[in-house]
Amino acid sequence: MQKVPEGLRVQLDANEADLLRGLTNEMRLVLEADIPDADPVQQRLFPRAHDDDEDEAAYQELVGSELKDVKLEALRTVERRLGSDGPLDDTLPEGEIHEWLRLINDIRLAIGTRLQVDEAKMDKQYDPDDPEAPALAVLHWLAWVQTSILEEMT
């Protein structure tokens with residue numbers, strides 16, 4: 001990642017870009033699926049605004065699917081920029097950078113929730129033979145990408 005006058009230059013090799021494409025596809029499934037509200041990932045991505053059920057129902061009636069729509073727009077923005085195959089070497093205009101951060105954060109939240117990751121689990125060395133090791137490696141990579149973007153933008 002490198003800040004340039006036009007925005008942020010992003011370079012992902014073919015494997016990194018393919019990984020992000022796959023994660024984006026999986027996030028689309030999560031966002032578009034009819035998953036019960038009791039699902040931990042849905043609760044993390046779409047947290048309640050109010051403890052009181054009546055207040056929450058009124059809030060949901062007011063905002064409707066606005067949060068989901070914002071998340072889907074971020075997803076579409078990243079998909080367009082990523083393309084369908086190969087590496088990515090492109091410049092994100094300022095307006096797209098927040099969309100990328102939003103989607104990367106949502107993907108991290110979804111993976112972390114499924115793995116029941118907490119700070120201690122993120123900080124510890126994980127065993128490569130652990131069945132969760134590949135997902136944890138992806139989580140660490142996403143954190144690096146997100147941090148790289150934020151560092152370049154500040």
Side-chain angles (χ1 to χ4, degrees), residues 1-49 63 65-154:
M1 312 292 166
Q2 180 183 9
K3 186 164 177 46
V4 294
E6 305 82 30
L8 180 72
R9 183 166 180 215
V10 176
Q11 294 176 292
L12 300 174
D13 67 28
N15 291 327
E16 292 170 323
D18 284 343
L19 174 60
L20 193 52
R21 284 182 195 100
L23 292 169
T24 301
N25 289 336
E26 289 182 35
M27 182 54 68
R28 177 177 292 287
L29 294 174
V30 168
L31 293 174
E32 292 179 344
D34 188 18
I35 299 172
D37 292 340
D39 176 71
V41 171
Q42 290 296 317
Q43 290 175 349
R44 188 71 174 108
L45 292 174
F46 302 101
R48 288 177 60 107
V63 299
S65 64
E66 187 175 327
L67 182 55
K68 182 182 268 190
D69 294 343
V70 165
K71 291 176 182 298
L72 284 167
E73 182 56 33
L75 186 140
R76 287 188 291 270
T77 298
V78 173
E79 283 177 331
R80 281 189 299 270
R81 185 68 56 185
L82 275 173
S84 60
D85 65 351
L88 174 68
D89 186 353
D90 203 353
T91 300
L92 306 180
E94 293 273 339
E96 284 187 25
I97 296 168
H98 295 289
E99 302 293 321
W100 277 67
L101 289 170
R102 178 176 288 121
L103 178 66
I104 291 168
N105 190 62
D106 284 345
I107 293 170
R108 288 183 64 214
L109 288 173
I111 294 170
T113 300
R114 281 286 179 246
L115 296 177
Q116 298 178 339
V117 170
D118 58 14
E119 193 172 320
K121 194 170 189 177
M122 275 301 284
D123 289 341
K124 83 171 197 177
Q125 274 306 108
Y126 50 88
D127 179 357
D129 295 327
D130 181 338
E132 293 182 343
L136 287 169
V138 168
L139 202 55
H140 282 279
W141 179 76
L142 288 168
W144 174 82
V145 170
Q146 190 174 37
T147 300
S148 297
I149 292 171
L150 289 170
E151 284 176 351
E152 284 298 320
M153 298 316 296
T154 56

(request) Working to the nearest 0.5 Å, report the span between CG of Leu101 and CD1 of Ile149. (result) 5.0 Å
(message) Tell me whether Glu66 at atom CD has more than 12 heavy atoms from other residues, nucleotides or ligands lying less than 6.0 Å away.
(response) no
(request) Begin with the C-alpha distance, continue with both residues' side-chain angles, and end with the deciding distance and a verdict on side-chain contact (heavy atoms from CB on, under 4.5 Å) for Ile111 and Leu142. (result) CA-CA 10 Å; Ile111 294 170; Leu142 288 168; 4.0 Å; yes
(message) Using modelled atom types and a 3.5 Å cut-off, is there a donor and acceptor pairing between side-chain atoms of Arg28 and backbone atoms of Leu75?
(response) no
(request) Mind checking the CD-CE spacing from Glu151 to Met1? Nearest 0.5 Å is all I need. (result) 11.0 Å
(message) Are there over 12 heavy-atom neighbours, none belonging to His98, within less than 6.0 Å of that residue's NE2?
(response) no
(message) Looking at Arg80 and Glu96, is any side-chain nitrogen of the basic one under 4.0 Å from a carboxylate oxygen of the acidic one?
(response) no
(message) I need the single residue from Leu20, Asn105, Val145 that forms a side chain to side chain contact (heavy atoms under 4.5 Å, CB included) with Trp100. Which is it?
(response) Leu20
(request) Would you please test Lys3 and Glu94 for salt bridge (charged side-chain N to carboxylate O under 4.0 Å, His left out) and show each step? (result) CA-CA 10 Å; Lys3 186 164 177 46; Glu94 293 273 339; 3.2 Å; yes
(request) Check the surroundings of atom CZ in Arg44: do more than 12 heavy atoms from other residues, nucleotides or ligands lie under 6.0 Å from it? (result) no
(request) Please determine if Arg102 and Glu99 form a salt bridge, counting it only when a charged side-chain N lies under 4.0 Å from a carboxylate O. (result) yes
(request) Could you tell me whether the side chain of Lys71 reaches within less than 4.5 Å of the side chain of Ser65, counting heavy atoms only? (result) no
(message) When you measure from the side chain of Gln43 to the backbone of Arg48, do you find a donor-acceptor pair of N or O atoms at a distance under 3.5 Å?
(response) no
(request) Check whether any side-chain heavy atom of Val117 sits under 4.5 Å from a side-chain heavy atom of Leu136, and report yes or no. (result) yes
(message) For a side-chain contact (heavy atoms from CB on, under 4.5 Å) check, start with the C-alpha distance between Glu16 and Leu88, then their side-chain angles and the critical distance, and finish with the verdict.
(response) CA-CA 9 Å; Glu16 292 170 323; Leu88 174 68; over 6 Å; no
(request) Please round to the nearest 0.5 Å and tell me the distance separating atom CE of Met27 and atom CG of Leu45. (result) 5.5 Å
(request) Look at Arg114 together with Asp39 and state whether they make a salt bridge at an N to O cut-off of under 4.0 Å. (result) yes
